[in-house]
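The chains referred to below are lettered A, B, ... by the order of the sequence lines, with proteins before strands, and numbering in each begins at 1.
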There are 2 protein chains.
Amino acid sequence: MKKVTINSVASYAGVSKKTVSRVLNNEPNVSDATREKVLKVFKELDYTPNPIARGLAQNRSFIIGCIYDNPSKSYITRVQTGALAACQENNYNLLIHPCDMRGDALISNIEQLLQTSRLDGLVLTPPFSDFKELVDFLKTKKIPYARVASAVLDDESISVRSNDEQGAFEITEHLIGLGHRSIAFIKGHPDHSATEQRFKGYLRALETHGVQFNERLVEEGNFSYHSGVDSARSILDLTPRPTAVFASNDYMAAAVLKLATQRQLKVPDDISIAGFDNAPIARHIWPGLTTIAQPVEDMTKQAVTKLIESIAQPEEKPYQVTLEARLITRESTAQIK
Amino acid sequence: MKKVTINSVASYAGVSKKTVSRVLNNEPNVSDATREKVLKVFKELDYTPNPIARGLAQNRSFIIGCIYDNPSKSYITRVQTGALAACQENNYNLLIHPCDMRGDALISNIEQLLQTSRLDGLVLTPPFSDFKELVDFLKTKKIPYARVASAVLDDESISVRSNDEQGAFEITEHLIGLGHRSIAFIKGHPDHSATEQRFKGYLRALETHGVQFNERLVEEGNFSYHSGVDSARSILDLTPRPTAVFASNDYMAAAVLKLATQRQLKVPDDISIAGFDNAPIARHIWPGLTTIAQPVEDMTKQAVTKLIESIAQPEEKPYQVTLEARLITRESTAQIK
DNA sequence: TGACATTATGACACCGGTGTCAGCTTGGGA
DNA sequence: TCCCAAGCTGACACCGGTGTCATAATGTCA
């Protein structure tokens with residue numbers, strides 16, 4: 001079984017390479033008869049163009065990079081799912097690149113990645129979506145990029161987000177509606193812009209409903225389960241104990257639930273717990289977590305689709321979209337007793 | 001800023017392209033003086049070879065594909081971590097390709113993938129690791145592949161596994177040691193070879209310790225949380241109720257725990273629960289799950305490293321290794337009352 | 001019917017590497 | 001001193017596509 005290349009197709013069809021190339025790329029100026037003939041040969045010879053050769057000629061790799069530094073594995077999985085969907089539709093590949101947000105070497109690490117892999121574009125997921133230094137670097141290097149779940153839509157680039165502030169507002173409002181007035185809050189990782197957004201939503205809900213803000217009820221977390229345990233300890237030790245806890249993601253909420261249960265507290269009877277993200281764990285534990293569902297796959301898919309479009313036609317075409325988040329109530333929150 | 005290519009390096013250093021290529025690939029027959037000179041120019045010009053051009057010349061893509069169809073996201077994440085580690089060390093990229101194990105189109109789907117992406121090799125993760133049809137296909141196509149967590153080491157290929165049977169034996173033995181004699185078992189997905197292995201370990205432990213096997217205690221699951229819920233329902237409805245449940249993975253074990261808790265059963269006082277895999281959820285819930293930890297990252301890393309080696313030097317070099325699994329006891333199992 | 005615009009096609013260079021092979025240096029042994 | 005093997009180097013083709021430009025074929029209009 002010999003390799004089928006553009007040359008074999010050309011000679012078999014009795015046309016030049018270039019004509020075959022034209023047919024391949026749906027270029028104009030090919031007569032219908034010739035196009036038909038070549039297409040038929042494609043079928044007969046079962047021809048697939050070699051993306052590497054094409055990449056060399058066009059100085060493209062047909063690979064999109066996705067960088068992340070996120071403690072939430074389920075979030076990453078969802079991002080990958082969305083990105084893969086977009087890539088598959090456009091015959092792109094996805095290169096995943098976990099890296100360390102903090103290290104000094106970050107920028108040079110990314111530069112290295114771009115150099116060696118010749119990526120056509122980069123998807124920035126939290127916390128990189130709002131990492132100004134990196135974004136500026138990509139801008140000057142003219143590397144196409146798209147941002148997922150960035151806090152703000154402030155530039156001419158591609159950015160798809162969901163409304164974290166509004167989500168946090170709604171879930172806090174839900175707790176207030178259940179009669180809670182002492183609602184603890186666990187913040188996320190300071191590098192993530194979502195952290196501030198979710199906190200803002202919490203504050204706005206308190207204010208809207210005339211609930212006094214109490215800064216002793218706020219704990220610093222970092223989105224990891226472990227940090228949730230620490231925060232939970234502080235919160236459960238408070239006297240009077242808050243009647244509800246809103247953690248900035250489900251892992252930390254799960255940690256609160258675990259510690260509360262260990263301490264013989266009944267959830268939601270003794271304390272209500274709410275999370276954020278609708279991670280799998282939110283429905284894998286008892287009681288299930290009330291949380292906010294974000295369309296992570298959809299966000300990422302849109303971002304990557306637009307990114308690939310912008311690679312093909314590099315006019316500056318901003319695409320800035322905010323998708324809605326949705327409250328999901330489960331058993332972990334209830335009317336105050 | 002102009003692109004730095006092998007040509008610029010060559011003319012700058014005053015040697016031929018080929019000599020630069022020799023230095024790049026550490027080939028012999030380059031004088032030390034020349035080598036030094038070229039290496040210096042590499043630094044000065046900050047040269048990085050273009051993997052696409054190299055790929056075209058050598059008919060390689062420097063991309064490894066990883067295919068999976070696994071309900072356990074955390075397992076996939078761990079596989080990716082291991083595979084990425086090996087890839088990064090060898091300047092390879094990882095292409096992830098979720099696909100449907102059952103569909104008729106599987107083989108042609110994979111064929112399509114290989115055609116369009118020109119992968120250099122494939123990592124088969126469960127359930128594909130033991131999918132004979134696919135393995136045979138790859139063999140005839142002479143596509144290098146490595147198998148992760150396959151049930152058996154029976155051929156001349158690359159295969160890294162951990163000892164599922166022994167792990168299941170140990171955890172069952174642990175339960176027997178705690179006084180349990182009525183131990184329910186939830187099987188995994190029939191397509192996964194681990195399913196049978198774990199069941200065998202369970203049986204062997206019963207036999208070794210003279211515990212009568214009772215087939216009514218065995219439920220069919222499929223590794224998903226949801227299937228765990230169904231199995232849990234049947235098991236908890238049994239009279240007399242078993243005093244322990246061993247689920248073939250942690251998600252199903254978590255489902256048993258959730259249902260038991262919903263039904264006001266105390267774990268482990270009323271019923272002990274054990275899982276398998278040491279997934280994150282095993283320590284994120286209360287009580288934490290007693291389980292078997294497998295070196296998934298390490299397995300995958302070894303497999304991919306060997307795979308890349310075998311691509312570079314395609315002599316038939318089997319690499320068949322079994323790593324050990326480890327019992328982790330947490331709060332979900334206890335002495336029978 | 002002739003002049004000219006438009007469409008269709010192919011020859012050829014090029015992308016940035018690697019493989020082959022020939023030619024030039026060296027050094028060691030006869 | 002001469003010969004030959006081994007070491008070093010470069011010229012050139014090649015991998016499989018795409019871009020540029022010249023040319024051939026066709027159509028249009030006066």
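- Remark: Ser31(A) is in phosphate contact with dT9(C), judged by side-chain N or O atoms under 4.0 Å from OP1 or OP2.
- For residues 67-79 of chain B, the set of pairs meeting the salt bridge (charged side-chain N to carboxylate O under 4.0 Å, His left out) definition, not counting sequence neighbours, comprises Arg78(B)-Glu297(B).
- At dA8(C), none of the side-chain N or O atoms of Thr34(A) fall inside 4.0 Å of OP1 or OP2 (strictly under the cut-off).
- Comparing the end axes of the helix from dT1(C)-dA30(D) to dA30(C)-dT1(D), each fitted to five base pairs by superposing C1' atoms of four pairs onto the next four, gives an inter-axis angle of 50° (nearest 10 degrees).
- Take Asn7(B) and apply the side chain to side chain donor-acceptor pair (under 3.5 Å) test, not counting sequence neighbours, and it matches no residue.
- Applying the ring-ring contact (aromatic ring centres under 6.0 Å, His included) test to Phe42(B) and every residue at least two apart in sequence or in another chain returns Tyr47(B).
- Following rounding to the nearest Å, Asn29(B) (CG) and dT25(C) (C1') show an atom-to-atom distance of 13 Å.
- OP1 or OP2 of dT9(D) has not a single side-chain nitrogen or oxygen of Thr19(B) nearer than 4.0 Å.
- For residues 71-92 of chain A, the ring-ring contact (aromatic ring centres under 6.0 Å, His included) pairs, not counting sequence neighbours, are Phe62(A)-Tyr92(A).
- Every side chain to side chain contact (heavy atoms under 4.5 Å, CB included) that Ile76(A) has, sequence neighbours left out, goes to Tyr68(A), Asn70(A), Gln80(A).
- Side-chain atoms of Asp130(A) and Ser150(A) form a donor-acceptor pair, as typed in the model, at a separation below 3.5 Å.
- Not a single ring-ring contact (aromatic ring centres under 6.0 Å, His included) links His97(A) to another residue, sequence neighbours left out.
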How does protein contact run along nucleotides 11-18 of chain C, one letter per nucleotide 5' to 3', with B for base contact, S for sugar-phosphate only, - for none, heavy atoms under 4.0 Å?
B---BBBB
Counting only pairs under 3.5 Å, give me each side-chain donor-acceptor contact of residues 32-40 of chain A, with atom names and distances, residues two or more places apart or in other chains.
| unit_1 | atom_1 | unit_2 | atom_2 | d |
| --- | --- | --- | --- | --- |
| Thr34(A) | OG1 | Ser31(A) | OG | 2.7 |
| Arg35(A) | NH2 | Glu27(A) | O | 2.9 |

